[in-house]
Amino acid sequence: THKTDTTASLLVVHDSSTYFAYPCCSLCIRIRCWRQCAAMASTSSTADVAELEAQTRQYDEQVEMLCSKHFQGFADSISHLLQLKGYIADLKTQLGHAKAMVLESGDDIKRVNGELVEQRRAQRNILATIEAASLCTPVLRLYYKAEVQLEQKKFYSVIKTLEELETQHIPLVKEFNFVTKIQKRIPEMRDEVKREAMADIRVFLSEARNHARSVGESSRSYDVAPSDAVDFSTLYRCWHIFQVLGAQSECKKYYQQERSKQCQLCTHPASPLVCVADYKAYFAQISGFFLIEETVVTTTEGLVSRPHVEALWQESMFKISRVLSQALLQCDTGTMICEVKQTIVNFIESMQEYGYTVAKLVDILLHVRERYQAVLLTTASEEIHSILFQDNLQPIQVDTQEEYQQIVSIFPYHDRVFLEARCPKAFPFSHAVPAVYTVVKRFIRQSFDFVRDLRLSNTEIDEMVRQTTNHLLSDVLSGELSKLVQQKSLALPHVTEISSITTHLEASCEHLEQYISDLTKSLGSGVHLTRLYAQADFKDARAAAEEKLLTMLKSHIDQFLELEDYDWAPPSPREEASGCVLDLLAYLMTTFSSFTNLPHHVARLAYFDTCKYISSQLLQVALTPEIQRINMNGIKSFERDVVECEQYAKLCPFLVDSSDKLLDGVFQELRDLVTVFIQWDWTAYCDPEQRRDKYSFLRTHVVCNWLEKFDDSERRSFFRLGSEQRKKAREVDSILKLLRASSSPATPTSKASPASSLAASTS
């Protein structure tokens, strides 16, 4: 095994006498270890040492045997090693030369390697510079681009460029100094963009205000949009810029504040509204403002909210109402108010198409309607006043059928008898009736035309038209008729004609109601139809005319009776009535015969009142205190006047037939007064029962008045009177005492009848 071990090495074993060289093996090593152990254990027990020595000697023998067996091989190995030593020396020499050559070559390589390192370092620096330049170049290019865009006022492009610069490029080159300057400049550029954008918004606001009127004027044209008059792109661009800048609230607040101020300026006109053009410009400005706002609401997101615009709209409605309330006071013509109303209607339709609530505007229209009605009433009042006070108060004369048809086409008068009568003929009213009727119809038509496009129902329109018509008829027309009646210069025919005018205008109310229904189309079983209650006011005016007629008739009666100077104690009675009474009755007959246009019931009433008044006035004449003496001749003369008056009553042309008892008893008191004296029927008059039957109208104080003044004797003393005259005088005294006693409260002791007392006193 030792021979074949090529890796065997030499082991030099040292002992106290000699050195032995032999192959290294495990046995030798163990022997050496045992010896060392034996040496160290010299102090151990003798037996153990002896045993160890014996074991060592055994191993030494084995080693010697082994070495002697392999000695030749060991010697050969030594010779080979010596030979190898020479080879090694040569190799060492060669290695020295090689080392020198290598060292010489290494210096060049070191120099080249240093140069290569420097080149590699330079290359690395160049590459780093190129990389840095590639990163910085976009930054500088974008910064320059942003500056150019800012100079060109391309603000949105500036914002996008700065955004790209900050987010993509600057983070890559933060270590460079120039980046710090750029970073400081970027906020300044944004602020400048914001200022410029705000300036553009102000430009848009100015443009919106300047073009609001043209936008409003073209709002009714569907081919023209607000964007055709106003450039909204400026606002869109600025709003987008503020959104990108994150300053939406600032932009929104500024825009809404400025538009609120503009809205206040729109609703407060700079100059008074004095003509229709001013109203059109006013509403066009407001309409244009809100149409522009509507466009902004629908085309932008978040700049203006719908509630904000609605709030502006509601506030504007109140301001518009106040402005119109003041401005309409200056409108003094119906035509102007109609044009103003149409302007408001167009404004309402335009705003309603864009979704704005218009209920308040309809209320404004109703206020305009009130002003319009006031102007219409004023105009109609002036026309009616002119018609009535300039009318000749004479019936309309027509000579041809064409003239008749012309009047009938204006005023609905249909009377079969009058229609069948041949021309020439006269209407029972003057020209004032068709003229006033025409004014009223025109008033109704104008009132209807004004309210028919106010988005009201037919019933509401009908009610409004009827109310205004009632106002015209009751307050204006009736008032003008009352004023006409109060004129002092009127003659009886004129008053009669006024009564006829009132009657026919009252009758025309039914036609006016039908005309209103035809206009409003409100007829139907379920429609409430308001009557024209002004008929009652016409009755008042007619009553005033009739009262005026009666007053004038009574005044004429007084004038005639004042001319009569009665002689109540003539020597002989008159054979006929007094001239004043005859003239009075003749005048009255002529006057009443001319009352052809007066309604029959009015004429009857007037005839009755004149008869009653004549009776009362004649009785008042008979009872006047200035009369000192009355005799039978005076009573008989007065009886002639009573007969004429009774005949006048019987000849009344307004009695229906012979059974008509209208005027029965109207002169009965006068008749009873003269009869009781002429017939000397005191027995019957003093008897209460007979008095009720024969003299029920004759009052006692009237009889006593005449009895006190009655003296049928000649002017002589009582003692020179004849027996009959004295007897009659005593009888008069007795009758007078009896009548006075009967008119006073009766005494308990008076049980005899007045007739028996009269007979006793007479006897």
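Because the structure is a prediction, the values reported are computed rather than measured.
- Ion pairing of Lys184 with Glu188 is absent here, as no side-chain N (NZ or NE/NH1/NH2) approaches a carboxylate O to less than 4.0 Å.
- Evaluation of the salt bridge (charged side-chain N to carboxylate O under 4.0 Å, His left out) test over residues 240-252, restricted to residues two or more places apart or in two chains, returns Lys194-Glu250.
- Leu324 contributes atom CG, which lies 14.0 Å from atom NZ of Lys319 (distance to the nearest 0.5 angstrom).
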Determine whether Gln314 and Thr357 satisfy the following criterion, side chain to side chain donor-acceptor pair (under 3.5 Å), listing intermediate values before the conclusion.
CA-CA 9 Å; Gln314 295 300 327; Thr357 56; 3.1 Å; yes

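- The backbone N or O of Ser157 sits less than 3.5 Å from a side-chain atom of Thr161, completing a donor-acceptor pair.
- Annotation for Gly302 and Trp239: closest pair C-CZ2, 3.8 Å, computed over non-hydrogen atoms.
- Formation of a donor-acceptor pair under 3.5 Å by the Ser321 side chain with backbone atoms of Met317 is not found in this model.
- A donor-acceptor pair is defined here as one N or O able to donate and one able to accept, closer than 3.5 Å; such a pair exists between the side chain of His268 and the backbone of Gln264.
- No side-chain heavy atom of Phe289 sits less than 4.5 Å from a side-chain heavy atom of Ser316.
- Using a distance-only test at 3.5 Å, with no hydrogens or angles considered, no donor-acceptor pair links the side chain of Arg209 to the main chain of Gln262.
- A cation-pi contact, defined as under 6.0 Å to the ring centre and within 45° of the axis, links Lys341 to Phe450.
- Summarising the geometry of Tyr236 relative to Thr299, their closest heavy-atom pair is OH-OG1, 2.7 Å, with the distance given to 0.1 Å.
- Among all heavy-atom pairs drawn from Met336 and Cys275, the shortest one is CE-CA, 3.5 Å.
- Taking the six-membered ring for Trp, Phe290 and Tyr354 have ring centres at least 6.0 Å apart.
- Without hydrogens or angle criteria, Gln256 side chain to Leu303 main chain gives a donor-acceptor distance under 3.5 Å.
- A salt bridge does not link Glu61 to Arg57: none of the charged side-chain nitrogens sits closer than 4.0 Å to a carboxylate oxygen.
- A side-chain donor-acceptor contact under 3.5 Å links Ser79 to the backbone of Asp76.
- Pairs of residues two or more places apart, or lying in two chains, that qualify as salt bridge (charged side-chain N to carboxylate O under 4.0 Å, His left out) and include a residue from residues 278-298 are Arg259-Glu293, Glu294-Arg306.
- Under a 3.5 Å cut-off, the side chain of Asn346 and the backbone N or O of Gln342 do form a donor-acceptor pair.
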